[in-house]
There are 2 protein chains.
Amino acid sequence: MTHDAFAGLLKRWRAARRLSQEQLALEAGVSTRHLSFLETGKSKPSREMVLRLTATLALALKERNVMLASAGFAPIFTARSLESLELAPVRRAIELLLQKQEPYGAVLFDRCWNVLRMNEGAARLMGCFLDPAHAAPGVATNLVRAILHPSGLRPALVNWVEVAQVALERLERECATEPTDEARRALLEEVRCYPGVDAVGPIAPEGGAPTSLVHLKRGRDEARLFTMLTTIGTPLDVTAQELTIESYFPADEATERWLQGR
Amino acid sequence: MTHDAFAGLLKRWRAARRLSQEQLALEAGVSTRHLSFLETGKSKPSREMVLRLTATLALALKERNVMLASAGFAPIFTARSLESLELAPVRRAIELLLQKQEPYGAVLFDRCWNVLRMNEGAARLMGCFLDPAHAAPGVATNLVRAILHPSGLRPALVNWVEVAQVALERLERECATEPTDEARRALLEEVRCYPGVDAVGPIAPEGGAPTSLVHLKRGRDEARLFTMLTTIGTPLDVTAQELTIESYFPADEATERWLQGR
DNA sequence: GCCGCAATGACGTCGGACGTCATGGGCGCT
DNA sequence: AGCGCCCATGACGTCCGACGTCATTGCGGC
């Protein structure tokens with residue numbers, strides 16, 4: 001490593017907290033010797049050491065993640081993510097973003113793919129292709145369930161296999177990257193039990209672009225959409241990074257007219 | 001860890017490549033013993049081991065990052081990111097996204113904050129508040145330079161100090177999280193030499209929300225905007241995660257009218 | 001019965017994270 | 001000049017875990 005980023009960060013944060021090496025070392029239960037070595041880059045911290053030090057420095061979660069990354073470790077995640085929405089300006093910006101997407105659809109998800117917000121266009125799509133009569137509870141409010149559950153969008157999804165495949169693949173990938181997230185893992189186990197789900201292919205051949213195609217058809221209504229995922233914030237900023245927006249665009253002229261004509 | 005994610009992933013990928021433990025171990029220069037332990041979760045891999053194994057398995061970069069994360073390590077990044085744009089559907093989706101944002105502004109950046117694409121609204125904003133006469137080269141095509149360089153937006157930025165602070169902070173944070181990125185570090189060094197930049201505060205007090213306020217004024221034109229960052233893809237999906245979109249919304253009624261009236 | 005494959009037991013090496021104690025040097029304060 | 005405070009650093013030591021070698025056992029298939 002050219003410049004040891006962790007060393008510099010640690011020094012700066014300790015300075016910001018106005019602690020001497022000795023004080024910090026004492027509080028964190030670390031030897032002053034080792035702390036000094038860490039700040040000069042002569043030693044590299046273990047993951048636990050990073051966590052201990054950042055905890056004693058009372059750093060915000062986001063900062064801890066930066067420190068972890070600077071030392072070459074994966075970030076930690078949190079179970080919150082709803083109250084980040086309480087931040088008024090973020091909330092307002094999201095509202096506007098969704099609104100700008102009209103008449104196309106756009107939906108805001110949390111990291112378990114629960115629907116948090118939905119614009120008019122998306123609501124119309126849902127109303128059109130999801131049979132509200134016999135939708136099992138929880139299916140309409142969760143993207144993964146909506147796609148994979150037999151009473152969800154599945155009857156209307158012409159290319160169900162592909163869509164299911166990328167959805168499953170993505171969920172599995174997420175579970176692998178954040179093994180600590182129990183809720184997400186539970187969701188994965190749940191949908192794996194749905195009929196027909198175990199039949200979709202195993203590891204897709206290197207797939208996984210941020211866009212994908214969706215072909216819906218129910219009665220005389222038919223739409224070919226392609227969708228794109230975006231997440232709030234930068235990938236490094238973990239504040240509200242669990243918030244994802246999926247935007248739906250018409251994939252052909254017919255769908256374009258159909259969307260406009262409603 | 002409840003379920004060792006890395007172990008399972010490794011086993012699945014090896015199976016997908018139709019290799020026996022012995023073959024893979026031989027090719028990767030690892031003892032069969034250790035490989036077996038890794039697949040049963042009895043041993044945990046070092047960062048280098050993960051890289052060696054994923055390399056011999058010829059996994060895509062994205063998959064390597066997933067494996068790294070599942071073993072608790074930070075992902076690796078790549079220097080490309082432009083050719084991801086060549087993916088036609090992604091490109092098209094981005095085009096549509098920017099277009100939907102009209103008449104508000106929206107700009108697409110790469111991870112060095114170079115401008116890759118810009119919609120009409122953003123172009124108008126730029127034209128209005130950036131003095132093209134004496135803008136130094138490279139300033140108009142890079143967000144960080146545009147904000148921090150004296151010949152950029154700085155004269156028009158009423159709340160320059162705050163804006164500069166978050167921009168600097170963000171850049172520094174990024175440099176810390178990805179110490180390998182030389183280009184980005186060079187940019188940081190460059191802008192640090194601009195006059196007045198060293199005077200902006202050090203570490204901001206736990207700031208860094210995904211939205212921020214911008215107040216622009218030049219002659220009779222004045223706009224108060226708030227901006228939000230979104231990135232393409234999910235935070236875990238590294239395919240094109242280096243692509244960031246900044247969207248500009250009016251922060252008050254006057255600005256709203258001013259924007260519509262152009 | 002033989003073979004490919006995976007698991008695993010016993011044992012060894014080694015590097016690095018982290019500890020303890022002691023020393024020396026820079027800097028401010030009186 | 002003298003005294004504290006803060007930091008770096010030398011010379012040790014401990015310990016754990018990543019990873020190696022060799023041999024053994026158990027499994028399913030031709």
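In what follows, chains are A, B, ... by sequence order, proteins preceding strands, each numbered from 1.
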inquiry  = Testing the basics here: between A:H215 and A:N159, what is the closest heavy-atom pair and its distance to 0.1 Å?
reply    = N-OD1, 3.1 Å
task = For the residue pair B:Y194 and B:H149, categorise the inter-ring angle as parallel (less than 30°), tilted (30 to 60°) or perpendicular (more than 60°).
result = perpendicular
inquiry  = Nearest whole Å is fine: how far is C:dA17 P from B:R47 CZ?
reply    = 14 Å
key: Closest to side chain of A:S36, choosing from D:dC19, D:dC6, D:dA8   = D:dA8
note = Of B:R14 and A:S43, the one whose closest nucleotide on DNA chain C sits nearer the 5' end is B:R14
key: B:K42 side-chain proximity, nearest of D:dT21, C:dT8, D:dA8   = C:dT8
Length of the line joining A:F37:CZ and C:dT20:P, which is rounded to integer Å = 15 Å
task = Determine the minimum heavy-atom distance between B:L59 and B:R17, stating which atoms define it.
result = CD2-NH2, 3.6 Å
task = Rounded to the nearest angstrom, tell me the gap between atom CD in A:Q21 and atom P in C:dG19.
result = 13 Å
Ion pair B:E172/A:R12, N-O distance below 4.0 Å = yes
message = Starting the side chain at C-beta, find the nucleotide from C:dT8, C:dG19, D:dG20 nearest to A:H34.
response = C:dG19
inquiry  = Expressed as a whole number of angstroms, how long is the span from B:K44:NZ to D:dG17:P?
reply    = 10 Å
query = In terms of side-chain heavy atoms of B:T40, which of C:dA6, C:dC18, C:dT8 is nearest?
reply = C:dT8
message = Within the 4.0 Å heavy-atom criterion, would you say B:T32 contacts the bases, only the backbone, or no part of the nucleic acid?
response = nothing
message = Base, sugar-phosphate or nothing for A:S31? Non-hydrogen atoms, less than 4.0 Å.
response = base
task = Start with the C-alpha gap between A:T231 and A:T244, add the side-chain angles, then the distance that decides, and say whether side-chain hydrogen bond (donor to acceptor under 3.5 Å, both in side chains) holds.
result = CA-CA 4 Å; A:T231 68; A:T244 303; 5.9 Å; no
request  = Round to the nearest Å and state the distance from B:E39 atom CD to C:dC5 atom C1'.
outcome  = 11 Å
task = Please determine if a side-chain N or O atom of A:K11 lies less than 4.0 Å away from the OP1 or OP2 oxygen of D:dC6.
result = no
query = To the nearest Å, how far apart are A:R33 CZ and C:dG16 C1'?
reply = 13 Å
key: Gap between atoms CG and P, on A:L24 and D:dC6 respectively (whole Å)   = 13 Å
Value in whole Å for how far the P atom of D:dC22 lies from CD of B:E22 = 14 Å
